[in-house]
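Just below is one structure, and these are the notes that go with it.
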Amino acid sequence: MKFGFSRAALTAALLASVAVPATAAQVFNRVSSFPVAANLPADRDKLSTTSAEIITATEDGNTLIYSDSPLGAIGFIDITDPKAPKAAGALMMDGEPTSVTVLGGKALVAINTSESKVNPSGRLAVVDIATRTIEATCDLGGQPDSIAVSPDKTFAGIAIENERDEDVNDGVIPQMPAGDLAIVALKEGTADCSAIRHVALTGLAEIAPDDPEPEFVSINGLGEIAVTLQENNHIVIVDGKTGEVKTHFSAGKVDLSEIDTKSDGALKFTGKVEGVLREPDALKWLDDDRFVVANEGDYEGGSRGFTIFDKTGKVLYENGAGFELAAARIGHFPDKRAKSKGIEPEGLEAATFGDSRYFFVLAERASLVGVYKDTGAEPELVQLLPSGVSPEGAVAIPARNLFVTANEADLGEDGGPRSHVMIYEVAEGEAAYPTIQSDIVDGAPIGWAALSGLVGDAEKAGMLYAVNDSFFGAQPTIFTIDATKKPAVITSALPVTRGGAAAQKLDIEGIALDGKGGFWLASEGDPTKMIGHGIYNVDAKGEIKAEIGLPVELIAGQTRYGLEGITSVGEGDDLTLWMAVQREWADDEKGTVKLISYKPVSKEWGAVSYPLEKSENGWVGLSEITAHGDYLYIVERDNLIGDTARLKKLYRIAIADLKPAGIGEKLPLVAKEEVHDFIPDLKAATNGYVLDKLEGFAFDASGQAYAVTDNDGVDDSSGETAFWAVDLKGTN
């Protein structure tokens, strides 16, 4: 039994958490990504909100079926070839599908038809999968949530939640009517609507006993239904054959230490909380006696991890902060959720692949899946898988060596990623993700995310430096990266300071070496946040030694899209800094942006005009600049993501052709040469959708090129960071 979270034990667990095996092993890797919007009916706007929430698979494993609440439908995906999933349409359900499962050739769909929270209603629909038709419906007498079919296929259990209204009395329960458990008899491969029993769950929990709110159900081989009452912080075990409540118990509390508890733009794993209610969401049986719960917390708790119980209520293992800190190590900790529920584990799946039993924990706010091997005692974290934004449901298909996640967030209206279904395959090989992770220092990971500018060390091949942007405004940092390891490792973090304290009002988007052991930094201004456009020189200890604002004549036409990279050409008295401005300013000719020059010795400013590519959608701008050999290399990209992305390219300009004009003069237009298209790299990196924010590019001391994406601090983002060595095919 494990309750404690010693620093030594935590360090050992984190160091082993995402290690790539030295020899080939069975690992899960994503093989494809399916945008749920591809299943939109022809008469719907292509930006209509869709969402893959709960997902299941047909018994042959060739078709995925998911609930899509915003669309009011269930969707189908043909995964006969899992590496090339195909849209197979959607079936409208005249209500809000909340969950779906499979019974032979039928899909059982729980549908919320409530006219209000105080007058909940719902039904169970039986869908013939082959014909995509609704064959029968059963009145459930309340608002359903989770549904599961017993292993012997004789009954289904449905959590009738009758959820609370968060806008009434600040969401405090009790709020009637009470929820219950519906048990539906299954006969001849379909639901028997005449044989539905309702099991009362009132009077069991210590919290709001008159208002149980069942959240999730799972059924073991003995026909026992385990039900989580999330808001009530309670778990109930019911005999599915008789409807008898066999046992019930509180989900209990957890004390947590060495966690980030402040949503303050800094990652500091030094806080603690005591007596946090677990408030479990999903539950999965590991065998007939043990089950695991994901402690999301959706009321007053949320202990950020997961717990393994036996069915008497005994805690066999408590994960505490382990999963959360493992997520932080690979840049997936959501700082904006630190104060409340952290990574927010919500979904679960459990299955046996080969000789190994696994369970999969879905972290909604970290957009991440933890793959754990069930050892019968303390589980082993073997992998962390990138998912889409906000994974909600998952299904394992062991017969085909597949695992699938459904990711509910659809940010298409705001230009963000759409809801996706991600497909993974277990096979012999190496883990493709993460591509970069941090070291463990004093028992906790180096906190990082939102990497922007990148520069190579002048002498040591494989060593690079990166900076984070204003997402971590309270913690501007220079990170040292060892790219010789796989995944690459962030070995140290150097705070950028002013007067010994963390420097404020910075949005660092570029970094260059200063030749004296320190760095030049470029900060992108944003007048709305009182952040000015500027250049900063910091020493080897991270202390700002010089702050150089742009001249008044230059910033007269400024926008918030300012400096997006900095590099240096020459040395000594001839040193010239070059900065890329991301987008057009008011004084730029249409379709062009500035490359700005500055000579520190003479304090002379200049600029040239750079021609942007055209785009039918979104905007195009610059996101990095770096000098190498006889050229300046420029990353030019659109702000589009996924299937809409069209431009993520590397261009170069001959340094000999750079003849800057004075500020206020007519700027010469430079000629550029295309060097590399990053979109194939981004597609192949981990077989997900194309990430939009390619922000860092640099050469190391040997001339090897590297690139990195900005994960936006896991805010309205999948949290994925792609870091890779770029093959420039002999380009110097």
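What you are looking at is a predicted structure, and each value in this text was computed from that prediction instead of being measured.
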Ser492 versus Thr480, side-chain donor and acceptor atoms under 3.5 Å: yes
For a 4.5 angstrom cut-off between non-hydrogen side-chain atoms, does Leu384 reach Phe323? yes
Assess whether ring pair (Phe, Tyr, Trp, His ring centres under 6.0 Å) is satisfied between Phe519 and Tyr536, documenting all intermediate values. CA-CA 8 Å; Phe519 303 92; Tyr536 298 82; over 10 Å; no
Would a 4.5 Å heavy-atom cut-off, applied to side chains only, mark Val608 and Leu667 as touching? no
Give a yes-or-no answer on whether the side chains of Ser438 and Arg329 include a donor-acceptor pair shorter than 3.5 Å. no
Checking Trp448 against His332 for the ring pair (Phe, Tyr, Trp, His ring centres under 6.0 Å) test, could you report, in this order, the C-alpha distance in whole Å, the side-chain angles of both residues, the deciding distance, and whether it holds? CA-CA 8 Å; Trp448 68 274; His332 278 256; 8.2 Å; no
Is any NZ, NE, NH1 or NH2 atom of the basic residue among Glu624 and Arg637 found under 4.0 Å from an Asp or Glu carboxylate oxygen of the other? no
Pairwise side-chain contact, Asn29 with Leu385, heavy-atom cut-off 4.5 Å (strictly under): no
Show your reasoning for whether salt bridge (charged side-chain N to carboxylate O under 4.0 Å, His left out) applies to Glu674 and Lys649. CA-CA 7 Å; Glu674 182 178 329; Lys649 289 185 177 181; 3.3 Å; yes
Is the closest side-chain heavy-atom distance between Ile436 and Pro487 below 4.5 Å? no
Just how far is it from atom CD of Glu695 to atom CG of Leu451, taken to the nearest 0.5 Å? 10.0 Å
Has the side chain of Asn468 got a donor or acceptor atom that lies under 3.5 Å from a matching backbone atom of Phe472? no
Side chain to side chain contact (heavy atoms under 4.5 Å, CB included) between Ile544 and Asp539, worked out: CA-CA 7 Å; Ile544 294 175; Asp539 64 17; over 6 Å; no
Flag the pair Glu509 / Ser523 as yes when at least one side-chain heavy-atom distance between them is below 4.5 Å, and no otherwise. no
Salt bridge or not between Arg418 and Asp643? Use side-chain N to carboxylate O under 4.0 Å. no
Pairing donors with acceptors under 3.5 angstrom, does anything connect the side chains of Asp681 and His676? yes
Would you sort out whether Asn687 and Tyr424 count as a side chain to side chain contact (heavy atoms under 4.5 Å, CB included), showing the intermediate values? CA-CA 9 Å; Asn687 293 312; Tyr424 311 80; over 6 Å; no
Keeping Thr709 on the side-chain end and Leu694 on the backbone end, is there a donor-acceptor pair under 3.5 Å? no
Report the C-alpha separation of Glu613 and Lys672 in whole Å, then their side-chain angles, then the decisive distance to 0.1 Å, and conclude whether the side chain to side chain contact (heavy atoms under 4.5 Å, CB included) test is met. CA-CA 11 Å; Glu613 296 298 298; Lys672 66 181 185 181; 2.8 Å; yes
As an exercise, state the distance from CD1 of Ile508 to CG of Leu563, rounded to the nearest 0.5 Å. 12.0 Å
Nearest 0.5 Å, please: how far is CD1 in Ile641 from OG in Ser718? 7.0 Å
Chi angles and distances behind the side chain to side chain donor-acceptor pair (under 3.5 Å) call for Ser623, Glu564: CA-CA 5 Å; Ser623 61; Glu564 278 283 330; 5.5 Å; no
Would you check if Val467 and Val455 make a side-chain contact, meaning some heavy-atom pair closer than 4.5 Å? no
Side-chain donor/acceptor of Thr435 to backbone N/O of Thr721, under 3.5 Å: yes
Counting only N and O atoms by type, is there a donor-acceptor contact under 3.5 Å from the side chain of Ser702 to the main-chain atoms of Ala461? no
Before you tell me yes or no, could you show the steps for Arg365 and Glu324 under salt bridge (charged side-chain N to carboxylate O under 4.0 Å, His left out), namely the whole-Å CA-CA distance, both residues' side-chain angles and the distance that decides it to 0.1 Å? CA-CA 10 Å; Arg365 302 299 175 181; Glu324 179 161 287; over 6 Å; no
Salt bridge (Lys or Arg N to Asp or Glu O under 4.0 Å) partner of Asp638, chosen from Arg646, Arg583, Lys648, Lys693: Lys648
I'd like to check Glu720 versus Leu691 (side-chain heavy atoms, cut-off strictly below 4.5 Å). Are they in contact? yes
Only one of Ile653, Asp657, Leu632 passes side-chain contact (heavy atoms from CB on, under 4.5 Å) with Val670; say which it is. Ile653
Angle class for the His628/Tyr633 ring planes (parallel below 30°, perpendicular above 60°, tilted otherwise)? tilted
So, taking the atom named CD1 in Ile481 and the one named CD1 in Ile478, what distance separates them when rounded to the nearest 0.5 Å? 12.0 Å
Between Asn407 and Ser387, do the side chains contain an N or O donor and an N or O acceptor separated by less than 3.5 Å? yes
According to the interplanar angle, ranging from 0 to 90°, do the rings of Phe269 and Phe333 count as parallel (below 30°), tilted (30 to 60°) or perpendicular (above 60°)? perpendicular
For the residue pair His533 and Glu524, confirm or rule out a side-chain donor-acceptor distance under 3.5 Å. no
Using modelled atom types and a 3.5 Å cut-off, is there a donor and acceptor pairing between side-chain atoms of Thr576 and backbone atoms of Lys599? no
Do any N or O atoms from the side chain of Gln383 and from the backbone of Leu381 form a donor-acceptor pair under 3.5 angstrom? no
Check this for me: Asp677, atom CG, are more than 12 non-hydrogen atoms of other residues, nucleotides or ligands nearer than 6.0 Å? yes
Spatial distance of atom CD1 (Ile679) from atom CG (Leu647) [nearest 0.5 Å]: 7.0 Å
Side chain to side chain contact (heavy atoms under 4.5 Å, CB included), that's the test. Do Tyr610 and Thr592 meet it? Break it down for me. CA-CA 5 Å; Tyr610 176 97; Thr592 69; over 6 Å; no
When you look at Trp619 and Tyr561, which way does the ring pair (Phe, Tyr, Trp, His ring centres under 6.0 Å) test go after all the steps? CA-CA 11 Å; Trp619 54 257; Tyr561 297 99; 5.6 Å; yes
Would you find a donor on one side and an acceptor on the other, under 3.5 Å apart, between the side chain of Glu258 and the backbone of Lys272? no
Could you label the plane-to-plane angle of the Trp605 and Tyr598 rings as parallel, tilted or perpendicular, counting under 30° as parallel and over 60° as perpendicular? tilted
Verdict with supporting geometry, Lys594 and Asp587, salt bridge (charged side-chain N to carboxylate O under 4.0 Å, His left out): CA-CA 10 Å; Lys594 294 182 184 71; Asp587 58 341; 2.7 Å; yes
Taking the side chain as C-beta and beyond, is there a heavy-atom pair between Asp457 and Tyr465 under 4.5 Å? yes
Residues Asp715 and Lys336 bridged, charged N to O under 4.0 Å: yes
Are any side-chain N or O atoms of Glu547 and backbone N or O atoms of Ile535, one a donor and one an acceptor, separated by less than 3.5 Å? no
For the side chain of Asp469 and the backbone of Phe471, is there at least one donor-acceptor N/O pair under 3.5 Å apart? yes
What distance do Ser33 atom OG and Lys683 atom NZ have between them, rounded to the nearest 0.5 Å? 11.5 Å
For the side chain of Asn711 and the backbone of Ala450, is there at least one donor-acceptor N/O pair under 3.5 Å apart? yes
Out of Tyr706, Phe479, Phe697, which one pairs with Phe723 under the ring pair (Phe, Tyr, Trp, His ring centres under 6.0 Å) rule? Tyr706
